[in-house]
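Throughout, a chain's letter reflects where its sequence line sits, starting with A, and its residues are numbered from 1.
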Amino acid sequence: MKKALVTALLIIAAIPFLFAAAALPPHGDPNTPVQTGASAYYLEHGAEEAGAENIVTDVILNYRGLDTNGEVTVIFTGFAAAFAVLLPISLIRSRTEPVSELPASPVVRFAVRLLAPFTALFSIYVILYGHVSPGGGFQGGAILGGLFIVLSAALDPARIRRLIPRQAGPWLRAAAPIAFVSMGILGLILTGSYLGFPTSEAQSAVRTGMLIVIEIGIGVGGAVIFATLFSEMEAQ
Amino acid sequence: MFASVWTNLDYVVPVVLFFIGLYVIIAKNNLIKKFLGLNIMETAIFSFVIALGVLDGGTPPIMGPDAHPPYTSPLPQALILTGIVVAVSTTALALSLIIRIYQQRGTIEADELREME
């Protein structure tokens, strides 16, 4: 009864949205504001001006770099809050005696071991090559974090957790904001404005180098955050 | 109307997806299912904004030796890439709060939690 009422109400609420969707310019039309506005400028000048052949990377890290800087900080704060919620429980419960659980089958363990080096290589490729091909820090970091999660689900989690050194852990988790802020300050020194990228032709290598440092920071930070979060949740 | 619904199917499907997510949030009782609904809504928004940037016959906006126009608009893709990661971090925070609620109260059903107050 209640579900039927909710369904009816939502269908009524959806009708104006459907009309609006139908009244939008046709899908794929080249004359919409999305195509003719800032995008046209980015596509025309991005590759020379911003330092990366992948225009999406240019937009994220150069033209809208300040946005992404704030957004990376939001992610870090979100995960810090998640740790703050999770940590008190795992401190109360000593995590020394794990519940005896069934080990993964030999086939699964062998397949995971076989694929791990290639996955790691692919994620590093995606992170480092994100400025000239599809990819970048966020995507490569997600792949690397997924690798950590698969490894600790199939193999011994305690051994995988040791892959991230204990002392460096907090710094690695904050790698994305740290890389962003340090490159922002480098931009301040070089050009006089925070996150300013040198624009002259001669300094294009510096520009691309700054983009790559930020990509590596985002990738490492994302991967370590995913891995730590999974092992924290698993410890519950 | 129906002809334009068909040409704008890429905008209509996110609307449907959005309301499916809203239905899940309202009708389901389990907190994890409610957050799955929220994730469905987020996916609807992401696919809508991505669809706005698509161009007929457009190629990826990556300049190189064999790149040729027309290019797909890079701006929606860049905006949504960061949006996806923020969505992941809110999901992580929500899941850890749900773990905490379960350990404190022993249930994650919304109506049982309401009765406890």
Peer 1: Please rank B:L52, B:I26, B:L93, B:L55 by heavy-atom pairs under 4.5 Å with chain A and give me the top one.
Peer 2: B:L55

Peer 1: Side chain from CB out, backbone as N, CA, C, O: work out which of these in B:F48 comes under 4.5 Å of a heavy atom of chain A, or both, or neither.
Peer 2: side chain

Peer 1: Does A:Y129 OH have over 12 foreign heavy atoms under 6.0 Å away?
Peer 2: no

Peer 1: What part of B:L81 is in contact with chain A, defined as an atom under 4.5 angstrom from a non-hydrogen atom: side chain, backbone, both or neither?
Peer 2: side chain

Peer 1: Chain B heavy atoms under 4.5 Å from A:K3: which part of the residue, side chain, backbone, both or neither?
Peer 2: both

Peer 1: What option among B:A27, B:A51, B:P60 has the most heavy-atom pairs under 4.5 Å with chain A?
Peer 2: B:A51

Peer 1: Would you sort out whether A:E215 and A:L128 count as a side chain to side chain contact (heavy atoms under 4.5 Å, CB included), showing the intermediate values?
Peer 2: CA-CA 7 Å; A:E215 294 272 39; A:L128 292 183; over 6 Å; no

Peer 1: Less than 4.5 Å to any heavy atom of chain A: does that hold for the side chain of B:P76, its backbone, both, or neither?
Peer 2: side chain

Peer 1: When only pairs under 4.5 Å are counted, which of B:G83, B:P70, B:P74, B:G58 shares the most heavy-atom pairs with chain A?
Peer 2: B:P74

Peer 1: With a 4.5 angstrom heavy-atom cut-off, could you sort out which part of A:F17 is near chain B: side chain, backbone, both or neither?
Peer 2: both

Peer 1: For A:L229, is it the side chain, the backbone, both, or neither that has a heavy atom closer than 4.5 Å to a heavy atom of chain B?
Peer 2: side chain

Peer 1: Sub-3.5 Å donor-acceptor pair from the side chain of B:K28 to the main-chain atoms of B:K33, do we have one?
Peer 2: no

Peer 1: Go through it in stages, so that I can follow the logic: the residues are B:S73 and A:Q35, the test is side-chain hydrogen bond (donor to acceptor under 3.5 Å, both in side chains), and I'd like the CA-CA distance, side-chain angles, deciding distance and then a yes or no.
Peer 2: CA-CA 6 Å; B:S73 176; A:Q35 309 290 347; 4.5 Å; no

Peer 1: Side chain, backbone, both or neither: which part of B:P61 has an atom under 4.5 Å from a heavy atom of chain A?
Peer 2: both

Peer 1: Check whether A:D29 gets within reach of chain B through its side chain, its backbone, both or neither, counting any heavy atom under 4.5 Å.
Peer 2: backbone

Peer 1: Pick one of side chain, backbone, both or neither for A:A40, based on which atoms fall under 4.5 Å of a heavy atom in chain B.
Peer 2: neither

Peer 1: Under 3.5 Å, is there a donor-acceptor pair between the side chain of A:N54 and the main chain of A:S133?
Peer 2: yes

Peer 1: Give a yes or no answer on whether the side chain of B:T59 reaches the backbone of B:H68 with a donor-acceptor pair at less than 3.5 Å.
Peer 2: yes

Peer 1: Within the 3.5 Å criterion, strictly below it, is a donor on A:H27 or B:N8 matched to an acceptor on the partner's side chain?
Peer 2: no

Peer 1: Does any backbone or side-chain atom of A:T77 lie under 4.5 Å from a heavy atom of chain B? Answer side chain, backbone, both or neither.
Peer 2: neither

Peer 1: Can you tell me how far CD of B:Q103 sits from CG of A:L86, rounded to the nearest 0.5 angstrom?
Peer 2: 8.5 Å

Peer 1: In terms of heavy-atom proximity below 4.5 Å to chain A, should B:T82 be classed as side chain, backbone, both, or neither?
Peer 2: both

Peer 1: Name the member of A:V34, A:D58, A:D67 that forms the most heavy-atom pairs with chain B at distances under 4.5 Å.
Peer 2: A:V34

Peer 1: Looking at A:Y42, is A:R64 sitting on its ring face, NZ or CZ under 6.0 Å from the six-membered ring centre and within 45 degrees of the normal?
Peer 2: no

Peer 1: Within a radius of less than 6.0 Å around OH of B:Y102, do more than 12 heavy atoms belonging to other residues, nucleotides or ligands occur?
Peer 2: no

Peer 1: Look only at the side chain of A:T68 and the backbone of A:L61, and say whether a donor-acceptor pair between them is shorter than 3.5 Å.
Peer 2: no

Peer 1: Using a cut-off of under 4.5 Å on heavy-atom pairs, state which of A:T7, A:V6, A:L24 scores highest against chain B.
Peer 2: A:L24

Peer 1: Any chance OH of B:Y23 has more than 12 other-residue heavy atoms, nucleotides or ligands included, within less than 6.0 Å?
Peer 2: yes

Peer 1: In terms of heavy-atom proximity below 4.5 Å to chain A, should B:I84 be classed as side chain, backbone, both, or neither?
Peer 2: neither

Peer 1: Heavy-atom distances under 4.5 Å only: say whether A:P25 touches chain B with side chain, backbone, both or neither.
Peer 2: backbone

Peer 1: Using non-hydrogen atoms only, which part of A:V132 is less than 4.5 Å away from chain B: side chain, backbone, both, or neither?
Peer 2: backbone

Peer 1: Sort out for me which of A:A81, A:G136, A:G28 touches chain B most, counting heavy-atom pairs under 4.5 Å.
Peer 2: A:G28

Peer 1: Quick one: are the ring centres of A:F148 and A:F226 less than 6.0 Å apart?
Peer 2: no

Peer 1: If we ignore angles and hydrogens, is there a donor and acceptor under 3.5 Å between the side chains of B:T91 and B:N39?
Peer 2: yes

Peer 1: Under 4.5 Å from any heavy atom of chain A, what part of B:V54 do you find: side chain, backbone, both or neither?
Peer 2: both

Peer 1: Quick check on the interface: out of A:Y63, A:F83, A:F79, who has the most heavy-atom pairs with chain B under 4.5 Å?
Peer 2: A:F79

Peer 1: Find the one option among A:V59, A:T57, A:I75 whose heavy-atom pairs under 4.5 Å with chain B are most numerous.
Peer 2: A:I75

